[in-house]
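Contents: one structure, followed by commentary.
A note on names: the letters A, B, ... follow the listed sequences, proteins ahead of strands, and every chain is numbered from 1.
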There are 4 protein chains.
Amino acid sequence: MSPPKAPDPSRRSERSRQAILDATHELLFDIGYPKLTIEAIAAKAGVGKQTIYRWWPSKGAVMFDSLLAHQREEGGALPDTGDVEADLKLVLRATVAQFNDPVLDGMTRALAVEIQNDPSLGREMVDRLLGPQLEATKDRIRSAQRAGQIAEDLDLSVVVEMIFAPLFHRWMLRTAPLTPEYADSVVEMALGGLRPAACRAG
Amino acid sequence: MSPPKAPDPSRRSERSRQAILDATHELLFDIGYPKLTIEAIAAKAGVGKQTIYRWWPSKGAVMFDSLLAHQREEGGALPDTGDVEADLKLVLRATVAQFNDPVLDGMTRALAVEIQNDPSLGREMVDRLLGPQLEATKDRIRSAQRAGQIAEDLDLSVVVEMIFAPLFHRWMLRTAPLTPEYADSVVEMALGGLRPAACRAG
Amino acid sequence: MSPPKAPDPSRRSERSRQAILDATHELLFDIGYPKLTIEAIAAKAGVGKQTIYRWWPSKGAVMFDSLLAHQREEGGALPDTGDVEADLKLVLRATVAQFNDPVLDGMTRALAVEIQNDPSLGREMVDRLLGPQLEATKDRIRSAQRAGQIAEDLDLSVVVEMIFAPLFHRWMLRTAPLTPEYADSVVEMALGGLRPAACRAG
Amino acid sequence: MSPPKAPDPSRRSERSRQAILDATHELLFDIGYPKLTIEAIAAKAGVGKQTIYRWWPSKGAVMFDSLLAHQREEGGALPDTGDVEADLKLVLRATVAQFNDPVLDGMTRALAVEIQNDPSLGREMVDRLLGPQLEATKDRIRSAQRAGQIAEDLDLSVVVEMIFAPLFHRWMLRTAPLTPEYADSVVEMALGGLRPAACRAG
DNA sequence: GCTTAAACGAGACGGTACGTCCAGTCTTACT
DNA sequence: AGTAAGACTGGACGTACCGTCTCGTTTAAGC
């Protein structure tokens with residue numbers, strides 16, 4: 001008859017929620033996502049398994065919330081020194097550093113994996129994690145357009161992907177090591193294009 | 001004492017090998033990689049589990065071999081009409097189509113996922129699947145360089161990633177639908193760069 | 001510090017008590033004792049689980065009260081036609097019928113089972129259900145003694161068990177079907193004894 | 001299609017079977033049947049749960065096999081001194097002692113309980129445990145019949161129940177303590193019957 | 001062709017984790 | 001204060017697979 005009876009969020013135990021998120025984060029750090037189990041989270045958090053199953057649909061969802069809860073509030077705007085090339089290189093070098101950090105590497109891979117199995121998780125990730133960063137980058141690009149450094153007639157969604165995707169690709173498929181120099185190359189090539197051109201040196 | 005005793009490949013049963021690869025392929029198609037189990041493969045192939053464990057180190061490795069065995073021999077060179085932009089658009093549109101094919105989509109995602117857990121699988125994949133395609137693309141780029149359509153002083157590894165990565169990014173993270181038009185945009189933007197038009201028409 | 005705080009019976013909700021007893025009875029009928037759960041009783045009765053735990057110590061106790069509340073008031077004296085054999089046969093045939101009634105069968109088994117785990121429940125059952133019937137039988141036996149049909153120097157507690165125990169034994173251990181004829185045999189054999197005797201036919 | 005796939009008894013591990021039976025027996029002794037869990041048995045036996053589920057349908061069945069495996073081989077004939085009353089008193093006093101032994105008490109109650117939920121278990125119990133004892137008693141009665149101590153025209157199934165049932169009844173329902181004297185009373189009353197003395201001395 | 005050692009199918013084994021169910025306790029809001 | 005509701009910790013349930021380990025049974029190489 002009734003849809004399987006949804007729990008009442010107003011009665012949710014904040015204490016348990018926090019304990020679960022903390023335990024998950026710690027376990028991700030200690031043993032990594034593939035070895036992470038609901039049972040281990042429950043045990044470490046001092047929580048019944050049912051409490052996890054009551055509020056999250058999957059292991060991936062718990063991990064995602066845990067990631068959100070524990071990331072520092074970095075979502076600021078990009079630097080704007082007036083030199084778009086330098087600013088983008090700075091950002092991409094930072095991204096390279098993140099990918100090379102063992103902990104972040106593990107968690108980000110886990111997240112990427114889980115998105116493959118659970119598209120709804122992917123949507124949320126795009127909205128809450130990736131989206132804001134891409135938006136900030138778009139803002140910086142727009143600023144550069146006003147400064148005449150970037151062409152006007154471009155689809156900014158494609159632009160930001162042109163910039164970030166190569167890093168993601170190399171990291172995810174491990175085709176080659178991710179270095180700061182690679183970040184620089186990507187920025188330069190994206191800005192200048194592949195064609196031979198007198199004005200490339202700008 | 002003795003090293004764990006390697007099996008003798010010369011006595012391997014070709015019949016069983018094929019049955020396992022076929023069963024895996026069919027199960028990947030039917031139930032998807034995450035639900036795929038060694039037991040199911042063994043049962044479907046009419047094979048003992050040990051026979052799988054004897055010859056493959058992991059579920060991912062079986063799947064990878066199965067993928068290799070069942071893909072058509074496409075590894076040829078890229079078309080070369082003299083117009084590098086048109087040729088690249090053609091290739092990228094084909095790639096888009098592959099990503100949008102439900103079966104290939106599922107299997108490629110499975111492969112990408114498994115690479116996260118098993119770097120050695122990643123290396124093999126890069127060598128046997130991704131590498132050849134990137135090499136073929138590099139060849140086409142080199143041809144375009146000789147024709148004066150592409151700058152000479154570029155790191156080709158970065159170039160091919162500039163071209164393919166945006167598709168991969170959008171597909172993997174599901175940030176937006178993958179369309180042929182998107183493929184065109186990527187090619188145009190990569191070739192022309194992001195800077196204002198003055199220098200773009202080349 | 002304080003003893004665990006006994007609830008005040010004067011404030012007990014009669015409405016809830018009845019609802020619990022009714023729900024229990026109905027569930028016993030529907031799904032049987034082994035599958036009966038406190039949660040199901042509470043849900044069916046529209047009552048909080050705590051209200052059950054507050055007033056009853058165990059599932060068995062609830063069931064016992066439910067049984068008491070729903071049985072008809074039968075605790076009268078045995079018939080006394082002057083023929084003790086006939087009267088006992090009548091009573092034992094009625095007992096056989098009760099054991100063969102599917103509903104009573106299930107509930108009585110449940111009760112018997114629960115007594116094994118909870119001796120205090122056993123005591124109460126003996127006092128309130130079994131005792132009265134045995135007492136009534138003892139009265140009938142005493143009447144027969146006065147009429148010279150039964151020996152004087154007998155321990156009546158043993159006598160009544162001689163009469164009822166065989167039925168209980170056969171029912172509980174399912175050694176053979178319980179029939180009215182069996183009831184007759186038991187009465188005849190108990191009265192006449194096992195020895196070969198000229199006077200047995202009476 | 002296929003019936004859920006029966007395991008092949010010829011490949012059964014005798015070592016595991018014994019370990020399970022032993023662990024069960026020990027746990028029955030230590031914590032009692034109601035607190036006995038399959039998980040505890042598996043853990044104590046050093047065995048996977050599946051191995052228990054593979055070979056036994058229920059907790060009760062394991063316990064029953066464990067009981068059978070650990071009982072001493074007592075299934076012999078009753079004593080026959082020529083005095084049936086004395087012999088029966090001996091047997092019933094032994095039965096009383098068994099019921100009063102704390103370990104046997106617990107296990108027998110557990111068995112009796114389980115029979116209520118699982119009639120098939122009851123049948124097996126009757127066949128393998130209770131039956132033989134009743135048959136031995138019937139043999140002794142038959143011998144007494146030949147000696148002229150017991151009437152010829154009696155249903156022996158009823159006779160043995162007349163003798164054993166009162167003990168069982170008093171034990172199971174805890175109506176009164178089980179004593180050797182009670183055993184004697186039962187034998188005397190069963191043999192002599194309830195009618196007045198005139199015909200009783202036989 | 002016969003022997004013999006390997007790979008093979010089958011599947012039982014000790015385990016781990018799953019997702020569900022319910023016990024019994026605790027919390028919150030209502031009567 | 002007792003109650004309805006239901007979230008909580010805890011723990012057993014029975015299931016699904018894991019990867020390992022026997023079992024006979026092919027099967028193919030080397031004598």
Side-chain angles (χ1 to χ4, degrees), chain A residues 4-13 15-17 19 35-43 45-55 57-59, chain B residues 5 7-13 15-17 19 35-43 45-55 57-59, chain C residues 5 7-13 15-16 19 35-40 42-43 45-55 57-59, chain D residues 5-13 15-17 19 35-43 45-55 58-59:
Chain A
K5 192 156 54 176
D8 174 356
S10 77
R11 316 197 56 180
R12 181 167 186 180
S13 158
R15 152 191 257 287
S16 294
R17 197 186 133 272
K35 298 196 169 178
L36 183 65
T37 67
I38 299 276
E39 298 218 318
I41 296 173
V47 138
K49 282 197 287 177
Q50 201 60 55
T51 301
I52 300 181
Y53 286 113
R54 183 152 38 228
W55 301 111
S58 70
K59 189 173 77 160
Chain B
K5 191 155 55 175
D8 174 356
S10 77
R11 316 198 57 171
R12 181 168 187 180
S13 157
R15 154 191 255 288
S16 294
R17 196 185 134 273
K35 298 196 169 179
L36 183 66
T37 67
I38 298 278
E39 299 218 319
I41 296 173
V47 138
K49 284 198 288 175
Q50 201 55 244
T51 303
I52 300 181
Y53 285 113
R54 183 152 36 229
W55 301 111
S58 70
K59 189 174 77 160
Chain C
K5 189 154 58 175
D8 175 355
S10 75
R11 315 200 56 175
R12 181 169 187 179
S13 156
R15 153 191 257 289
S16 295
K35 298 196 169 179
L36 183 65
T37 65
I38 298 279
E39 299 217 319
V47 138
K49 284 200 287 176
Q50 201 55 243
T51 302
I52 300 181
Y53 285 112
R54 182 150 41 227
W55 302 111
S58 70
K59 189 174 78 161
Chain D
K5 190 155 57 176
D8 174 355
S10 77
R11 314 196 57 181
R12 182 167 186 180
S13 158
R15 152 190 259 288
S16 295
R17 198 187 133 271
K35 297 196 169 179
L36 183 65
T37 66
I38 299 276
E39 297 218 320
I41 296 173
V47 138
K49 283 198 285 177
Q50 201 60 42
T51 302
I52 300 180
Y53 286 113
R54 183 151 38 228
W55 300 112
S58 69
K59 188 174 78 160

field: Contact letters for nucleotides 13-21 of chain F, in which S counts primed atoms plus P, OP1 and OP2 and B counts the base, heavy atoms under 4.0 Å
entry: BBBBBBBBB
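- Put simply, CD1 on A:Ile52 is 14 Å from C1' on F:dA7, counting in whole angstrom units.
- Scanning all heavy atoms of the two residues, the minimum distance from B:Ile52 to B:Ala42 falls at CD1-N, 3.9 Å.
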message: Base contacts versus sugar-phosphate-only contacts with protein, heavy atoms under 4.0 Å: please encode nucleotides 26-31 of chain F as B, S and - from 5' to 3'.
response: -BB---
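- Remark: D:Ile41 CD1 to D:Glu39 CD distance equals 10.5 Å, nearest 0.5 Å.
- Taking for each of D:Arg54 and B:Ala43 the nucleotide of DNA chain E with the nearest heavy atom, the 5'-most of the two is the partner of B:Ala43.
- Crowding of B:Arg12 atom CZ: a count of heavy atoms from other residues, nucleotides or ligands under 6.0 Å exceeding 12.
- The separation between D:Arg17 atom CZ and E:dC13 atom P is 12 Å, rounded to whole Å.
- Across all their heavy atoms, B:Pro9 and B:Pro7 have their closest contact at CD-O, 3.2 Å.
- The 5' end of DNA chain E is approached more closely, in terms of each residue's nearest nucleotide, by B:Ser16 than by the other of D:Ser16 and B:Ser16.
- When each of C:Trp55 and A:Pro9 is assigned the nucleotide of DNA chain F bearing its nearest heavy atom, the one mapping closer to the 5' terminus is C:Trp55.
- Using a distance-only test at 3.5 Å, with no hydrogens or angles considered, a donor-acceptor pair links the side chain of C:Lys59 to the main chain of C:Leu36.
- The A:Ser13 side chain lies nearest to F:dC8 when the options are F:dT9, F:dT3, F:dC8.
- Of the residues near DNA chain F, A:Ala42 and C:Arg15, the one whose nearest nucleotide (by heavy atom distance) lies more toward the 5' end is C:Arg15.
- Of all heavy-atom pairs between B:Trp55 and B:Asp8, the closest is CH2-O, 3.7 Å.
- Distance D:Asp8 CG to F:dT22 P: 17 Å, rounded to the nearest Å.
- Scanning both residues, C:Ala19 and C:Ala45, for their nearest heavy atoms gives O-CB, 3.5 Å.
- Going from atom CD of D:Gln50 over to atom CD1 of D:Ile38 covers 11.0 Å, rounded to the nearest 0.5 Å.
- Around the CZ atom of B:Arg15, the shell of radius 6.0 Å holds no more than 12 heavy atoms that belong to other residues, nucleotides or ligands.
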